[in-house]
Amino acid sequence: MAALRHGKYRFLAGAILPGLLLYAVFVLSPYAQAFYLALTDWTGVSGQVEIIGLENFRRLVDDPLFLAALRNNALLLLVVPAVTIGLGLLLAALVNFGGRRGSAVLGGVRGGEFYKVAYFFPQLLSLPIIAVLWQFVYHPNEGVLNGALRAVGLDLLARPWLGDPHLALWAVAGVLVWSSVGFYMVLFSAAMETIPRDVLEAAVLDGAGRLAVLRRVVLPLLRENVQVAFVYLGVLALDGFAVVQVMTVGPGGPDGATEVIGLGLYRNAFTYGRFGYAAAMGVALFFLTLALAVLALRAGRRERVELA
């Protein structure tokens, strides 16, 4: 029996240790290097590295461009997850429960699978491609958006969407929402399909309307899915580098209106040769993302305890 137990442990060690080793080399090691570089003045090309302690982090606090990027990322964090999750839930509810009025069972709309595929389509495109497409959509003279507004007689609403400091960040947020909402619509739709029909039938037979069923039955059962979606969308909002880099003026303009932390990190590392300072930005972004995930998970756990 002892030999069998010894063989089991040896098998588990042989199965787990190679994966742990690869994880340490390709995941933990780069993080450790980034934390180390954040404490240095490395330029990226020099073989000499001087440790300067927390000086890079002190510079972050006094850097107006970094503070502007932090403010813009915070605004994206407030807008992108909330709007994307709201639209995803709305579209999923319409697809799954928007048909067959008067039926005891809340049925889906006709052609629901087609709508899922259509809304999921942006997920097949990379973010740089999406940014290029929307750059043409937002073009002030030849763009689809202004062209559509002028075609219906709303010329006064036509704007230089990416050239106006008051609108540029909102234009970026709109692209992030558009590129993500289809995935979360499909995610929420799949979660809704797992809800037992007996539960929905009981709610309908008790006299609950569609909105009441969605609010009191469906949404509480999707709490964990919404929590996971918020974490992933929060990470997207704290990044936003690809869209801003490709689509905006500057990039990051006009006048820093679309500056984000990822863009500042890239610029300091590969344009100004300040890899140590860029690594400090990366470390700050890492802890912001980690804090977001921890807060979201703790909030979800507290809500589950209260429901129990």
Side-chain angles (χ1 to χ4, degrees), residues 76 79-138 143-145 147-149 151-152 154 161 170-204 208-237 240 242-243 247:
L76 291 175
V79 173
V80 172
V83 176
T84 304
I85 291 174
L87 288 176
L89 287 171
L90 175 62
L91 294 173
L94 290 175
V95 168
N96 286 275
F97 305 123
R100 298 209 300 269
R101 289 186 177 276
S103 174
V105 180
L106 297 175
V109 298
R110 182 175 301 174
E113 296 302 320
F114 168 77
Y115 293 120
K116 294 177 185 178
V117 172
Y119 282 112
F120 189 81
F121 177 74
Q123 291 296 312
L124 304 179
L125 305 175
S126 65
L127 277 178
I129 297 299
I130 291 174
V132 171
L133 291 176
W134 278 89
Q135 195 175 36
F136 287 107
V137 171
Y138 286 136
V144 175
L145 182 55
L149 292 173
V152 296
L154 298 176
W161 302 99
W170 297 107
V172 170
V175 174
L176 293 176
V177 170
W178 181 86
S179 66
S180 305
V181 69
F183 173 81
Y184 292 99
M185 177 261 199
V186 173
L187 175 68
F188 296 144
S189 180
M192 290 178 182
E193 291 175 355
T194 64
I195 298 175
R197 290 293 166 177
D198 294 343
V199 176
L200 301 177
E201 287 182 2
V204 173
R210 290 173 181 264
L211 291 178
V213 172
L214 291 174
R215 187 175 68 253
R216 299 183 180 277
V217 178
V218 175
L219 291 182
L221 295 175
L222 298 184
R223 192 180 303 275
E224 291 186 359
N225 300 87
V226 171
Q227 174 187 337
V228 172
F230 180 82
V231 172
Y232 279 101
L233 287 167
V235 173
L236 174 67
V243 173
M247 193 174 68

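What you see is a predicted model; the values in this text were computed from it and never measured. Below, each value reflects all heavy atoms present in this structure, side chains not excepted, and no hydrogens, waters or symmetry copies.
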Handout entry: Stepwise side chain to side chain contact (heavy atoms under 4.5 Å, CB included) check, V79 with V177
Key = CA-CA 9 Å; V79 173; V177 170; 5.5 Å; no
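- In this structure, the separation between CZ on R223 and CG on N225 is 11.5 Å, given to the nearest 0.5 Å.
- Atoms CZ and CG, from F188 and N96 in turn, are 12.5 Å apart once rounded to the nearest 0.5 Å.
- Annotation: the span from F120 atom CZ to L124 atom CG amounts to 6.0 Å, rounded to 0.5 Å.
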Enumerate donor-acceptor pairs with a distance under 3.5 Å from any side-chain N or O in residues 178-187 to protein atoms, sequence neighbours excluded.
| from | atom 1 | to | atom 2 | distance (Å) |
| --- | --- | --- | --- | --- |
| S179 | OG | V175 | O | 3.2 |
| S179 | OG | L176 | O | 2.9 |
| S180 | OG | L176 | O | 2.9 |

Practice task
Determine, stepwise, if the pair I130 / V243 fulfils side chain to side chain contact (heavy atoms under 4.5 Å, CB included).
Solution key: CA-CA 8 Å; I130 291 174; V243 173; 5.7 Å; no
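- Taken to the nearest 0.5 Å, the OH atom of Y119 stands 9.5 Å off from the CG atom of L87.
- Take L154 and apply the side chain to side chain contact (heavy atoms under 4.5 Å, CB included) test, not counting sequence neighbours, and it matches L149, V152, L157.
- Annotation for A92 and S189: closest pair CB-N, 3.7 Å, computed over non-hydrogen atoms.
- With values rounded to the nearest 0.5 angstrom, L76 atom CG is found 8.5 Å from L236 atom CG.
- Under the rule for a side chain to side chain contact (heavy atoms under 4.5 Å, CB included), the partners of V132 that lie at least two apart in sequence or sit in another chain are F136, V246.
- Distance check, rounded to the nearest 0.5 Å: OG1 of T194 to CG of L222 gives 7.5 Å.
- In this structure, the side chain of T84 does not engage the main chain of P81 through any donor-acceptor pair within 3.5 Å.
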